Amino acid sequence: MEQLSVTLGSKAPCAGKPQDHGHTLPILHEIRHALERLIATGEETRIDLNAMPFGPGDLDRLRAWLGTGEVQASVSAMGLTLIQETAIPGVWLVDYQNADSQRLTLHIEIAPVPEILRPQPQDLAEAIATLDARMDEGQSNPPRPS
Amino acid sequence: MSGSMEFLLWTKGPMFDIALAIFAIGLFARLAEIFLLGRKPNYAEPRAGEWLPGLRTVFTRTIADPGTFQRASFNVVVGWVWHIGFLIALLLFVPHAELIKGLFGIAWPALPNPVVDLVTAITLIALVATLVHRLTHPVKQRISTIEDYLVWTVVFLVVLTGYLAYHRLVNPYPVALGMHILMAEILLIILPFTKLTHIFTTFIARWYNGAAFGRKGVQS
Amino acid sequence: MSELTLERGLAAFRAEIDAPTAAFFSSCVHCGICAQSCPFYLETGDPKYTPILKLEPLRLVWENEFTLWGKLKGLFGLQQKVTDEMLAEWEELLYDSCSMCGRCSLVCPVGNDLAYMIRKSREGMVQSGHAPEGLIAASVRAIQTGSPMGLQWKTLAVQIKHVEDSTGMEVPVDKAGVDYLVLLSSMEIINFPEYLEAIAKIFDHAGVTWTLSTQCFEATNAGIQIGNKDIAAQLVERVVAAAEKLKVANVISPECGHAYTAIRWEGPNLIGRPYPFRVFHIIEVLDELRAAGRIQTEGMESDRLSMHDPCNLARKSGVIQQQRNLMNLVADNFVELKEHGKFQWCCGAGGGVSSNERAEPLKLAAFKRKKAQIEEVAPERMVTMCATCRTQLEEGLEEFNMEIPVVGLTEMIADHLVEKEAREHE
Amino acid sequence: MSERLVVDPITRIEGHLRIEAQMDGANIAQAYSSGTSVRGVETILKGRDPRDAWAFAQRICGVCTLVHGIASVRSVEDALKIELPANAQLIRNLMIGAQYVHDHVMHFYHLHALDWVDVVSALSADPKATSALAQSISAWPKSSPGYFADTQKRIKTFVESGQLGIFANGYWGHPAYKLPPEANLMAVAHYLEALAWQRDAAKLHAIFGGKNPHPNFVVGGVACPIDLESDSAINAKRFAEIQNIIQSMQTFVDQVYVPDTLAIAGFYKDWGSRGEGLGNFLCYGDLPGSGFMDPATFLFPRGVILNRDLSTIHEVDLHDASQIQEFVAHSWYDYADGKARGLHPYDGETKLEYDARGGVKPPYAQLDVNDGYSWIKAPRWKGQAVEVGPLARVLLLYANGHAQTKELVEMTLSTLDLPVEALFSTLGRTAARTLETKVMVDAMQGWQDALIANIKAGDTRTFNDTLWDPSTWPSEARGAGYMEAPRGALGHWIVIKDGKIDNYQAVVPSTWNAGPRDPSDQAGAYEAALQDNHQLVDVKQPIEVLRTIHSFDPCIACAVHLSDPETGEQLRIKVT
Amino acid sequence: MPVRKTPDKTLGESLRDHGLSRRGFLKFCAATASMMALPPSMVPVIAAALDAARRPSVIWLSFQECTGCTESLTRSHAPTLEDLILNIISLDYHHTLQAAAGEAAEEARLQAMEDNKGEYLVIVDGSIPGPDSNPGFSTVAGQSNYDILMETVEHAAAVIAVGTCAAFGGLPQANPNPTGARSVMDLVKDKPVINVSGCPPIPMVITGVLTHYLTFGRLPELDAYHRPLAFFGQSIHDRCYRRPFYDRGLFAESFDDEGAKLGWCLYRLGCKGPSTYNACATMKWNDGTSWPIESGHPCLGCSEPSFWDAGGFYEPLSVPITATSGAILAAGALGAVVGGAATVLAKKETKTIVAHRQPVTVEELEDKL
C-alpha cells in the first residue's frame with residue numbers, strides 16, 4: 001500500500017531516504033566476515049570502495065556508520081596517503097591521494113596495521129645502509145635540528 | 001549482426017516494423033474476413049433486441065456459470081489467472097505502458113515493479129499448469145493440435161523471456177531484452193493466423209452469441 | 001437422377017458459413033470447456049464427443065475457403081480437405097451424440113454458439129448423404145404423409161372422437177377466424193392423447209376459440225432435425241398455408257420442443273418472409289390466460305414435484321418463467337432441479353436423437369445426467385412440457401428402475417380447473 | 001615558380017588542418033587553409049528528434065565540448081519559442097564560463113605554449129633564478145627553487161629515458177625561441193600544473209551535466225534539478241563545490257595565466273605587428289542576464305566591426321537571409337544553384353563532392369587551390385570575410401566601453417609598451433584570449449550568487465516542460481541557436497517539420513576563421529593572417545606558421561560540414 | 001637531441017630514480033589495481049609485474065573524431081595524464097598534444113614505428129572512411145586515414161580503439177553514414193583489437209587498459225565487443241544507485257519534478273542504462289564528481305554500438321525505434337483491403353454456389369434408405 005501511495009505522487013516518508021540506495025549494509029556485512037577471518041586465521045582483507053556503485057552521500061553514510069577511532073596517520077610518498085582507524089578496531093580507512101590531493105582510490109583495510117604503514121622488506125633491507133650513510137654524512141656535515 | 005546490441009536494435013527496429021505490419025495486415029484481414037461474410041436477415045419475430053444482450057454477453061461470458069465452474073474449476077481458474085496475469089504484465093508494467101504511450105500516445109498509470117514481478121511469476125506457473133492440463137486432460141488431449149502447443153510455447157516464452165530480462169538472468173542484457181521483444185514479435189506475427197486471434201474476435205463471437213440468445217429472450 | 005454427393009455437401013457447408021461462424025471459429029482456443037456441458041461426453045467420458053470437435057468439417061471448410069491463412073496453406077498444398085470418409089466418421093458425432101440442446105453455446109468462454117453451427121453442419125451432412133437412416137425415414141414420411149411417424153388424419157379423427165365423447169365438448173376442426181390454430185405432434189397423438197383433451201377443457205374453460213386443421217395438424221419438423229432447409233421449408237409452408245387459409249391470428253405449437261423452435265424461430269427464415277400470424281407454445285398461451293385471470297383452478301398437487309425444462313423451450317426460446325407460474329398455480333410441493341431454466345440439462349433425446357434408432361445407447365447414456373439431477377432432489381413425480389422429453393424421461397426412468405411418473409403440465413392444469421358448473425354457481 | 005610550403009598535420013589543434021603556403025623567398029605570399037576531414041553530422045541529423053539534436057551536434061567537437069550542445073538546444077528553443085527558467089540560464093552561463101576558462105587555459109599552455117616555449121632550454125635553467133622570476137611576477141605559491149628543481153629533474157629523467165614522447169621532433173633550439181631558460185622552465189612547470197588544474201575546472205560541467213567532456217543538456221532547461229534537501233540534486237554541498245571550482249579558476253587565472261601571458265609576450269613583441277589578417281570582426285553576443293536570449297542583457301555584446309573601425313558597430317541578424325551566407329567556390333561541396341551563390345543556413349545545402357570539385361586523389365603532395373581545396377565552407381557576413389573569437393569579443397567590449405575590458409587592455413598595452421594597433425595581430429589575439437578569460441572568471445561569481453539568491457527566494461525551477469512533448473509543436477518551425485564559443489561566434493540553424501529535423505546547419509567559429517577563399521577570392525581569416533608579414537627563419541621548421549595559426553585556436557572538426565548520402569554513394573562508385 | 005632508443009630502464013627503476021620509496025610504489029600499485037578494476041588482493045602481483053615493466057611506445061592516430069577522447073584522457077586523475085605520458089607510456093605521436101607539426105610530426109610517427117617494430121601500441125580515435133569510400137573524405141598529410149591506419153598497425157603489437165567512433169563507427173557511422181565510416185575492428189583483422197568505447201570513454205578506462213598492458217604485457221579479458229570485461233562487464237543499470245527506485249517502481253517523469261529531485265529512476269525519461277555496459281556508475285566522472293544519471297540526465301547508452309540509431313534519447317528503452325501509430329494504421333488498412341478482397345472473392349464464389357444450390361428432394365433421401 002505504501003508503494004502504491006508513492007506512485008500516486010505523494011512524498012512517502014521513506015521515498016527519498018538515503019539508506020534506500022542500500023549499499024552500506026552489504027559492505028558492513030562484508031567487513032564483519034573479514035573481521036571474523038582476521039580473528040580466526042589472521043587473514044587480512046582489503047576492500048576497494050572505488051568499485052562500489054555508491055550513490056551521492058553513500059560514502060559519507062558508510063563513514064558515519066564506521067565512526068572514528070583513535071589512530072590517524074599519513075604517509076607522504078607520491079602524494080599523501082591518509083589512514084584513519086574507524087571506531088571498530090582493526091578496520092581502517094586508507095585514502096590514497098595523488099600529488100594534487102585528488103583521490104586515487106579509497107580502501108577499507110581489515111588488518112592489525114594497514115600494509116602501507118609497515119616498513120617494506122626491501123626498504124628494511126636497506127635500512128642499515130641508509131643509517132650508515134646518514135651517519136657518515138652527519139659526521140662531516142651535522143644536521144641542524146629545526 | 002553478431003553483437004547483442006545489433007540484435008536488440010534489430011528487434012526494436014526493422015523486426016518490430018515487420019511484425020507490426022504482418023500483425024496489422026493479418027488482423028485486419030481476419031476482421032474483414034469475418035464482417036464481410038455478414039448474416040442473413042432474420043424474419044422471426046424477436047422477443048428482445050440484439051445489441052444490449054450482445055454487449056452484456058461480451059462482459060458476462062468472462063465469468064463461468066456456477067455449474068461449469070464446479071465441473072471445470074481447475075481449467076477456469078488457471079485460465080483466469082494467467083489471462084489476468086498476462087494482461088497486468090502487458091498493460092501495467094512501466095516499460096510496456098511507455099511502449100504503448102510511445103506508439104499510440106495513450107498513457108495510464110502503471111503498477112510498481114514488484115507487483116508486476118509477482119504477477120508474472122504466478123502467470124508463468126499458471127501457464128505451466130495449463131500445459132500440464134492440456135497434456136493430461138482427455139478432452140484437451142483429443143482436441144489439441146500442433147497449433148495449440150505452438151501458441152502455448154510462444155506465449156510462455158514471451159512471459160518467460162520478459163521475466164528473465166527483468167531479472168537480468170540472461171546476459172548480456174540486450175540479448176535478454178531482444179529475445180523478449182522478438183518473442184513478442186513472433187506472437188504478434190502468428191496472432192492473426194492462429195487461435196490467438198481470439199484476443200480480438202472473442203468479443204465479436206460473444207456479441208453474436210449474446211445477440212442470438214437475447215433475441216430469443218435468453219440472457220446468455 | 002441426381003444424388004447426394006460430397007461436392008454438394010461441401011457446397012452446403014460453404015453456403016452456411018456466415019460472420020458469426022467465422023467469428024466463432026476464429027475465437028476457439030481449444031479450452032475444452034464445451035465438453036463439460038455436453039451430457040454425451042460427460043456420461044460416456046469419450047472425448048470425441050467434445051462439442052467443438054463435432055464441428056471440425058465445418059471448421060475445415062471455413063479455414064480452407066474463407067481465411068487468408070487457409071488460402072496460403074492451399075497454395076502450398078497444405079490444406080486438410082474434408083472427405084467422404086471424414087463425414088462418415090462425423091455422422092455419429094453430429095447426429096447420434098448431439099441433441100442440439102445448446103448448453104455448450106451457453107458456457108463457451110469465448111462465446112461460440114456451437115449449437116448454431118451444429119445445425120449448419122447438418123445441412124452439409126444431408127447434402128453429402130451422411131444423415132442417419134432414422135432421420136431420413138422420418139423426413140421422407142413427414143413430406144409424404146404429413147407426419148414423421150406416418151400418422152394420418154383419420155387416426156387423429158379417432159382421437160378427436162374419444163375426446164368429444166369423454167368431455168362432451170366439441171373439438172373444433174377447420175374453423176376459420178378463431179383465436180388459435182392448434183397444432184399437435186404425432187407423438188402426442190399416439191402416446192399422450194390426454195393432451196388434446198386437456199386443451200379442449202382449458203380453452204373451453206377460458207372461453208378461447210380455437211381449431212384444428214385437417215390440412216395440417218403436425219407441428220414437428222423432421223427437416224429441422226435432420227438439418228435440411230428444403231425439407232424443413234416445405235413442412236413450414238404447410239403450417240403457414242393452413243393458418244392463412246383459416247385466417248387465424250395465432251398458431252399454437254404443441255408440447256414439443258423442436259416443433260416450437262422450428263416454427264417459431266426458423267420458420268420465417270426458411271420461407272424467407274415474416275408470418276402473417278404469431279406463434280406461441282401452449283405453455284405461453286396458458287400463462288397468458290392465467291395472467292388474465294381466465295384460468296381458475298382448485299386444489300393442489302401435494303406430492304413432491306419437480307420439473308424438466310425442455311431445451312428448445314427454455315434455453316433456446318426463453319420460455320422459462322411461464323411454466324413456473326403455472327406450476328405454482330397447482331403444486332404445493334414444487335422443487336426445482338439444481339440446474340434449471342436456461343442451465344437445465346438435456347434429457348438426451350432432442351435434436352433428432354430419438355428418431356435415430358441406432359443412437360439408442362447414447363441417448364440412454366446421456367439421460368444419466370438427467371437422472372442424476374432428478375436423484376438429487378428425489379421428486380415423487382416429474383412434470384414437463386415436451387412429448388419427446390416426456391417419452392425419454394419415462395423410458396429412461398423405467399430403464400433405471402426409478403418409480404417416478406412423468407406428467408404433462410398442460411394436463412395437470414386441466415385437472416385442476418374449477419368445474420364450469422361450480423363457477424357458474426358462484 | 002617559388003616553393004610551396006606544406007604544413008600537414010597542423011598539430012596541437014582540434015581536428016585535421018592543412019596549411020599550404022606559396023612562398024615568395026622566405027615570405028609567405030599566398031596561404032591556403034584546408035580542413036581535410038569530413039564526417040557528416042548535419043546530414044546525420046536530418047529526420048531526427050530535435051530534442052536529441054544537441055547530443056549529435058555536441059560531438060562536432062570534444063574540445064569546445066559544451067558549445068554545440070548549447071547552440072543546438074538554443075536553436076530548438078528559438079524555433080519553438082521556449083522560455084528558459086532563470087536558474088537554467090544561469091547554470092548554462094556558469095557552464096559556458098567554465099568552458100571558456102578551461103578551454104583558454106588549456107589552449108595557452110598545452111596547444112599554444114610550445115610555439116613560444118623551448119622545453120629543452122628549460123633543462124639548462126637555474127631553479128633559483130626561475131623561482132625569483134616567478135615570484136617577481138606573481139604571488140602563486142608554487143614558486144620555490146626546490147619546486148622548480150623537482151620539475152627540472154622530472155623533465156631531465158624523462159629526456160634521459162630516451163623516449164621523448166610528445167616532445168619528440170619539436171623545433172627545439174629554433175632561433176625564433178626567445179625566452180631565457182628560466183622563463184622556459186617556469187612555463188614548463190605551469191604546463192604540468194595546468195594539466196592538473198584543468199581537471200578541477202572540468203568538474204563544474206560534471207556537477208551540472210554529469211560528465212566532461214560532453215556534458216548533458218536538455219531542451220527547455222537543464223537536466224539537474226535543484227533541491228537543497230536532496231542528495232540527488234544540486235544541493236548545498238554542490239554549491240560549495242562550485243564555489244571552490246570558481247575560486248580555483250580565479251586564482252589560477254589571476255596568478256598564473258595572466259602573469260605568464262604578459263611575461264612571455266614581453267619577449268615576443270615583434271608578434272604585435274604580424275598576423276593581423278582581415279581587420280573585420282563579428283560577434284553574435286552571449287551570456288544573457290535573464291531567462292530570455294535578449295542581446296540587451298548580454299555580457300558579450302553583439303555586432304560587426306569593419307576595417308578596424310571601432311567607432312561603428314554594425315548590427316547582426318541571424319535570421320536575415322542576406323546577412324550570413326556560406327560559399328563553396330573553393331570547398332568540396334556542390335550547391336544546386338552553382339558554386340558562385342551563397343546560401344543562408346536555413347536554406348543551406350551540404351552536398352559533398354570531392355573528385356569533381358577539385359579534390360586531389362590521396363596520397364597527394366599539393367592541393368589544387370584554384371578549385372576546391374577544403375572541407376570547410378566560406379561563410380561571409382554581407383559578403384565580407386570576418387574574424388571571430390576572443391579578439392573580436394574584446395574589441396567589441398572595448399568599443400562598447402566595457403570598463404573592466406578597457407582597464408585590462410590598457411594595462412596590457414602599457415605593461416608591454418605596445419600601441420593599441422598591436423591588438424590586431426597574432427600577439428593581440430593571444431592576449432585577448434587571456435583578457436577575456438579574466439572577464440569571464442569574474443563574471444562567474446556573479447552568476448553563482450544570482451543562482452543562490454534565486455533559490456533562497458524559493459525559485460528552484462530548472463526546466464520548462466510546457467513544450468517538451470512534440471505533439472504540442474507547430475507542424476513547421478525554424479530557429480537559430482547561437483552563442484559565443486571560446487573560438488568565436490557560433491550559430492546553429494534548425495528547420496523542424498512534423499516534429500523532425502528537416503534541415504540543420506552549423507556555422508561555427510573555425511568555419512569563419514579557417515574557411516577558404518570565396519567566389520571573389522577573398523581569403524579567410526587564417527589565410528589573410530598568414531599573408532601578413534610572415535618571414536620564415538627556416539622553411540623546414542615553419543614555427544611562424546604555427547604561432548599565427550595557433551593564435552586562432554583552430555577547431556577543425558567544428559569547421560567541417562557534411563555530406564549528402566547520395567553523393568557519397570556516387571563517389572564511392574567512381575572510386576571503386 | 002638525445003638519440004631515440006628502446007628504454008633500458010624498467011618502471012620500477014625509473015620510479016626509484018624519482019626517489020620513490022617502496023611504500024610509494026605500493027601505493028602506486030594499489031591505485032593501479034583500482035584503476036584496472038582488479039581487487040586489492042592483486043596488488044602484490046601487480047607490484048611484481050610493474051617493477052619489471054617497460055614504457056611501451058604508443059602511437060595515437062586521430063581520424064574522423066572530435067578530440068573528445070583525448071580531452072577525456074586529460075581528465076584522468078589516476079594516473080594523471082602527466083604520469084601517463086611521463087612514466088607509463090611513451091606517447092610518440094598524438095596530434096593534439098605533440099610539439100612537432102607537419103613533416104616533423106609524421107617523422108616522429110615513422111621513427112617510433114621503426115624503433116619499436118612489433119612492440120608498439122596503436123591507439124585510434126575516430127572512425128575511418130573504409131577502403132570503399134572516397135579517400136579524400138579524411139586525410140592527414142595528404143594520406144588517407146585508411147592508408148595511415150593500415151600502414152601504422154602493420155607492425156603494431158595491438159590496437160586500442162578508443163571511443164565509440166573508433167570502436168563501433170560511432171557518430172560518423174550513424175544513419176545514413178555519409179562518409180562510409182567504419183570501425184577499427186572492421187578494418188584491422190590480423191591484430192588484437194581492444195575497444196574502449198564511450199563517447200567519450202571514461203579516462204581511467206583508457207589508462208586502465210594501457211596500465212594493464214604495461215603491467216601484464218598482454219591485453220585484458222574482453223567481452224563479445226572486444227571491450228575489457230573489467231570495465232564493461234556490468235550494465236549501468238545493474239550498478240546504478242537509482243536501481244532500487246526502478247525495482248520499487250518510482251520514476252521521475254520530468255526533469256525537475258519531485259521524482260527527479262529525489263533521485264528516482266530515469267527509465268521513463270529514456271535512460272538507456274539497462275542496455276548499456278560501462279563503468280560510469282562505479283568509476284564516475286571527473287575525479288568521482290558525478291556521472292550523467294547522478295546529474296539527472298538519462299544515460300544515452302554511448303558505449304554501445306549504434307547507440308546513435310538506437311531510438312530517441314528521451315524515449316524509454318521499450319519504445320520501438322521506427323514504428324508509429326500512423327504506420328500501424330496503414331498496415332491495418334492494407335490488411336483490411338487484402339482480407340476484404342479475399343473474402344469478397346470467396347463470398348462471390350459462395351454466391352454462385354448458393355445460386356446453383358440443388359435442393360434436397362425426398363427422392364434423393366429415399367435413395368439413401
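Bear in mind that the values here come from a model prediction, so they are computed numbers and not experimental data.
Residue contact with chain D, scored on non-hydrogen atoms closer than 4.5 Å, involves the backbone and the side chain of L97(E) alike. With a threshold of 4.5 angstrom between heavy atoms, Y171(D) approaches chain E through side-chain atoms but not through N, CA, C or O. For chain E, the nearby part of V222(D) is the backbone; its heavy atoms alone come within less than 4.5 Å. For chain E, the nearby parts of A196(D) are the backbone and the side chain; heavy atoms of each come within less than 4.5 Å. For C165(E), no part lies under 4.5 angstrom from a heavy atom of chain D. With a 4.5 angstrom heavy-atom cutoff, D52(D) touches chain E via backbone and side-chain atoms both. When heavy atoms are compared at a cutoff of 4.5 Å, K203(D) approaches chain E by way of both its backbone and its side chain. With a 4.5 Å cut-off on non-hydrogen atoms, Q58(D) does not touch chain E at all. For S76(E), the part lying under 4.5 angstrom from a heavy atom of chain D is the backbone only. With a 4.5 angstrom heavy-atom cutoff, D309(E) touches chain D via backbone and side-chain atoms both. In this structure, the portion of T157(D) lying under 4.5 Å from any heavy atom of chain E is its side chain and not its backbone. Heavy atoms of I207(D) lying under 4.5 Å from chain E belong to its backbone as well as its side chain. For I166(D), the parts lying near chain E are the backbone and the side chain together; criterion is any non-hydrogen pair under 4.5 Å. Heavy-atom distances place both the backbone and the side chain of D83(E) under 4.5 Å from chain D. Contact of R461(D) with chain E is made through backbone and side chain together, with heavy-atom distances under 4.5 Å. Neither the backbone nor the side chain of H68(D) comes within contact range of chain E; no heavy atom of the residue lies under 4.5 Å from a heavy atom of that chain. Proximity to chain E (any heavy atom under 4.5 Å) is restricted, for I226(D), to the backbone atoms N, CA, C and O.
For the atom pair OG of S144(E) and OH of Y364(D), the computed distance is 10.0 Å after rounding to the nearest 0.5 Å. Rounding to the nearest 0.5 angstrom, the gap separating the CZ atom in R75(E) from the CG atom in L195(D) is 10.0 Å. Going from atom CG of N177(E) over to atom CD1 of I44(D) covers 7.0 Å, rounded to the nearest 0.5 Å. C61(D) SG to E65(E) CD: the interatomic distance, rounded to the nearest 0.5 Å, is 9.0 Å. Going from atom CG of N286(E) over to atom CG of L204(D) covers 10.5 Å, rounded to the nearest 0.5 Å. Note that the OH atom of Y354(D) and the OG1 atom of T139(E) stand 6.0 Å from one another [nearest 0.5 Å].
Listed by first and then second residue, the salt bridge (charged side-chain N to carboxylate O under 4.0 Å, His left out) pairs that reach into residues 94-107 of chain E are E106(E)-R109(E), sequence neighbours excluded.
Put simply, the side chain of R59(D) gets close to the backbone of C199(E): a donor and an acceptor are under 3.5 Å apart. The backbone N or O of V38(D) sits less than 3.5 Å from a side-chain atom of Q64(E), completing a donor-acceptor pair. Side-chain atoms of W308(E) never come within 3.5 Å of backbone atoms of A55(D) as a donor-acceptor pair (strictly under, hydrogens ignored). Between the N216(D) side chain and the P292(E) main chain, no donor and acceptor come within less than 3.5 Å of each other. Panel note: side chain Q198(D), backbone T74(E); a donor-acceptor pair is recorded below 3.5 Å. R12(D) contributes a side-chain N or O that, together with a main-chain N or O of A99(E), makes up a donor-acceptor pair within less than 3.5 Å. Listed for the T67(E) side chain is no donor-acceptor partner under 3.5 Å among the backbone atoms of V63(D). A donor-acceptor distance shorter than 3.5 angstrom exists from the side chain of H297(E) to the backbone of F217(D), with no hydrogens or angles considered. Counting only distance, with no hydrogens or angles, the side chain of H95(E) and the backbone of I13(D) share no donor-acceptor pair below 3.5 Å.
Within the 4.5 Å cutoff, side-chain heavy atoms of Y93(E) are placed close to those of P9(D). Between L171(E) and R39(D), some side-chain heavy-atom pair lies under the 4.5 Å cut-off. K211(D) is not listed as a side-chain neighbour of E294(E), based on a closest heavy-atom distance of 4.5 Å or more. With contacts defined as side-chain heavy-atom distances shorter than 4.5 Å, the pair T289(E)/R238(D) qualifies. Counting heavy atoms from C-beta outward, N175(E) and R48(D) have side chains that approach closer than 4.5 Å. Side-chain contact between Y314(E) and V218(D): present, with at least one pair of heavy atoms (C-beta onward) separated by less than 4.5 Å. Taking the side chain as every heavy atom from C-beta outward, T460(D) and D256(E) never approach each other to under 4.5 Å.
Aromatic ring pairs are classed by plane angle as parallel below 30°, tilted from 30° to 60° and perpendicular above 60°; the pair W375(D) and F137(E) is tilted. Note: F56(D) and F313(E) have tilted aromatic rings, judged against thresholds of 30 and 60 degrees for the angle between ring planes.
Residues passing the ring-ring contact (aromatic ring centres under 6.0 Å, His included) test with H214(D): none are found, sequence neighbours excluded.
For chain D, the option among P203(E), S62(E), G68(E), S295(E) with the highest count of heavy-atom pairs below 4.5 Å is S295(E).
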